[in-house]
K.L.:
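Structure provided below as structure tokens; questions to follow.
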Amino acid sequence: MRRIACFILSLLIITGVPVSACAAQSPGGIETQSLYTARPTVTFIIVGDGNSSVTLRCPGKSDVTKIKAKTCIEKKSGTKWVKVNVGTSDNYIYHSVNSSKMVKSFTKQLTGSGSYRCTTTFTLYAKTTEYITITTYAEY
């Protein structure tokens with residue numbers, strides 16, 4: 001029985017099993033693990049007048065051909081997070097580049113003080129497709 005299990009495990013290791021990585025960055029700053037990028041970041045800042053600034057950085061490796069980003073801003077309401085109206089039909093902000101590096105910035109005016117979070121999912125296209133989700137928090 002052990003020989004059969006060892007044989008099956010050996011086959012899996014030799015042939016390789018493609019896996020997509022998905023990680024979330026917590027307030028503690030957990031670093032994401034990725035096949036196609038090193039240290040993607042989302043900077044989310046709210047200034048005193050409620051104007052938020054978001055900067056997306058995703059430095060892909062050389063075999064990356066395209067990067068997409070899908071971002072939503074949410075406000076905490078009780079124990080739930082509710083999407084903020086950002087002026088699009090689904091309340092997501094989309095960016096895309098046909099290169100191995102993405103650096104995008106945008107601003108959104110927020111209404112009302114409270115706890116906010118910004119969640120961005122990067123999609124990197126290379127030999128396989130990889131999804132990386134990063135969530136950052138801010139208050140005003």
Side-chain angles (χ1 to χ4, degrees):
M1 187 65 168
R2 286 184 189 172
R3 286 185 181 184
I4 294 171
C6 287
F7 177 74
I8 292 171
L9 287 174
S10 297
L11 282 176
L12 290 174
I13 291 170
I14 291 170
T15 59
V17 179
V19 176
S20 292
C22 182
Q25 183 174 343
S26 73
I30 295 171
E31 193 171 313
T32 59
Q33 298 297 313
S34 170
L35 297 172
Y36 295 122
T37 184
R39 297 191 180 123
T41 59
V42 177
T43 305
F44 179 48
I45 300 169
I46 305 172
V47 294
D49 63 354
N51 199 24
S52 69
S53 173
V54 179
T55 302
L56 311 174
R57 283 184 171 66
C58 189
K61 295 182 180 173
S62 61
D63 53 348
V64 173
T65 58
K66 184 176 190 171
I67 301 173
K68 291 182 178 180
K70 177 181 176 182
T71 303
C72 79
I73 299 173
E74 298 171 303
K75 182 178 181 180
K76 192 163 193 176
S77 176
T79 59
K80 295 183 179 185
W81 290 95
V82 179
K83 283 184 194 172
V84 172
N85 184 353
V86 293
T88 61
S89 61
D90 61 356
N91 289 323
Y92 282 96
I93 301 148
Y94 296 91
H95 292 94
S96 180
V97 294
N98 290 319
S99 70
S100 62
K101 181 179 180 180
M102 174 184 274
V103 178
K104 296 286 183 179
S105 295
F106 61 92
T107 59
K108 288 294 172 188
Q109 183 66 39
L110 304 175
T111 58
S113 61
S115 296
Y116 289 86
R117 72 180 182 185
C118 175
T119 302
T120 300
T121 300
F122 293 102
T123 306
L124 291 89
Y125 297 90
K127 293 176 185 175
T128 60
T129 303
E130 177 178 65
Y131 303 92
I132 300 170
T133 301
I134 299 175
T135 302
T136 53
Y137 299 83
E139 290 188 11
Y140 109 90

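No hydrogens, no waters, no symmetry mates; every other heavy atom, side chains included, goes into these values.
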K.L.:
Distance-only, no hydrogens or angles: does the Ser100 side chain make a donor-acceptor pair with backbone N or O of Ser62 under 3.5 Å?
P.N.:
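A pair under 3.5 Å: no.
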
K.L.:
Starting from Phe106, can I reach Leu110 by hopping between I/L/V/M/F/W/Y residues whose side chains sit under 4.5 Å apart?
P.N.:
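Linked, Leu110 and Phe106 end up in one cluster.
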
K.L.:
Measure the spacing between CD1 of Ile93 and NZ of Lys104 and express it to the nearest 0.5 Å.
P.N.:
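Going from CD1 on Ile93 over to NZ on Lys104, the span is 13.5 Å.
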
K.L.:
Quick check: closest heavy atoms across Ile46 and Ala138, and the distance to 0.1 Å?
P.N.:
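For Ile46 versus Ala138, the nearest heavy atoms are CD1-CB, 3.8 Å.
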
K.L.:
Would you tell me whether Ser53 and Thr107 have side-chain atoms, one donor and one acceptor, within less than 3.5 Å of each other?
P.N.:
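Side chains of Ser53 and Thr107: no pair found under 3.5 Å.
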
K.L.:
Provide the closest heavy-atom pair for Val84 versus Lys75 in the form atom of the first, atom of the second, distance.
P.N.:
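Looking at all heavy atoms of both residues, the closest pair is CG2-N, 3.9 Å.
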
K.L.:
Would you say Lys68 has more than 12 foreign heavy atoms packed within less than 6.0 Å of its NZ?
P.N.:
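No, not enclosed.
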
K.L.:
Rounded to the nearest 0.5 Å, what separation is found between the CD1 atom of Ile67 and the NE2 atom of His95?
P.N.:
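Here the interatomic distance stands at 13.0 Å.
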
K.L.:
Specify the closest pair of heavy atoms between Val86 and Asn91, including all atoms of both residues, with the distance to one decimal.
P.N.:
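Closest pair (atom of Val86, atom of Asn91, distance): N-OD1, 3.3 Å.
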
K.L.:
Count the heavy atoms of every other residue, nucleotide or ligand shown that sit under 6.0 Å from NZ of Lys101, and state whether that count exceeds 12.
P.N.:
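No, not enclosed.
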
K.L.:
Does a side-chain heavy-atom distance below 4.5 Å link Leu124 with Ile132?
P.N.:
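Leu124 vs Ile132: side chains touch.
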
K.L.:
Could you pull out the closest heavy-atom pair between Pro40 and Pro59, with the gap in Å?
P.N.:
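Reported closest heavy-atom pair: CA-CD, 4.2 Å.
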
K.L.:
Out of curiosity, does Val42 fall in the hydrophobic cluster containing Tyr92 (side-chain heavy atoms, cut-off under 4.5 Å, transitive links)?
P.N.:
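Different clusters.
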
K.L.:
Measure across Thr136 and Phe44 and return the closest heavy-atom pair with its distance rounded to 0.1 Å.
P.N.:
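Residues Thr136 and Phe44, closest heavy atoms: OG1-CB, 3.3 Å.
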
K.L.:
Going by heavy atoms in the side chains, are Lys66 and Ser96 under 4.5 Å from each other?
P.N.:
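When only atoms from C-beta onward are counted, Ser96 and Lys66 do touch, with a gap below 4.5 Å.
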
K.L.:
Enter the distance from Ile73:CD1 to Trp81:CH2 here, rounded to the nearest 0.5 Å.
P.N.:
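It is 12.0 Å, given to the nearest 0.5 Å.
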
K.L.:
On a heavy-atom basis, which atom in Glu130 and which in Leu35 lie closest, and how many Å separate them?
P.N.:
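Where Glu130 meets Leu35 most closely, the heavy atoms are OE2-N, 2.7 Å.
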
K.L.:
Side chains of Tyr36 and Thr128 only: does a donor on one sit below 3.5 Å from an acceptor on the other?
P.N.:
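Per modelled atom types, Tyr36 and Thr128 side chains form a pair under 3.5 Å.
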
K.L.:
To the nearest 0.5 Å, what is the distance between NZ (Lys70) and CG (Leu56)?
P.N.:
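Going from NZ on Lys70 over to CG on Leu56, the span is 14.0 Å.
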
K.L.:
According to side-chain hydrogen bond (donor to acceptor under 3.5 Å, both in side chains), does anything in residues 114-127 pair up with another residue at least two apart or in another chain? List the pairs.
P.N.:
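Qualifying pairs: Thr71-Thr120, Glu74-Arg117, Ser115-Glu139, Thr119-Thr135, Thr121-Thr133.
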
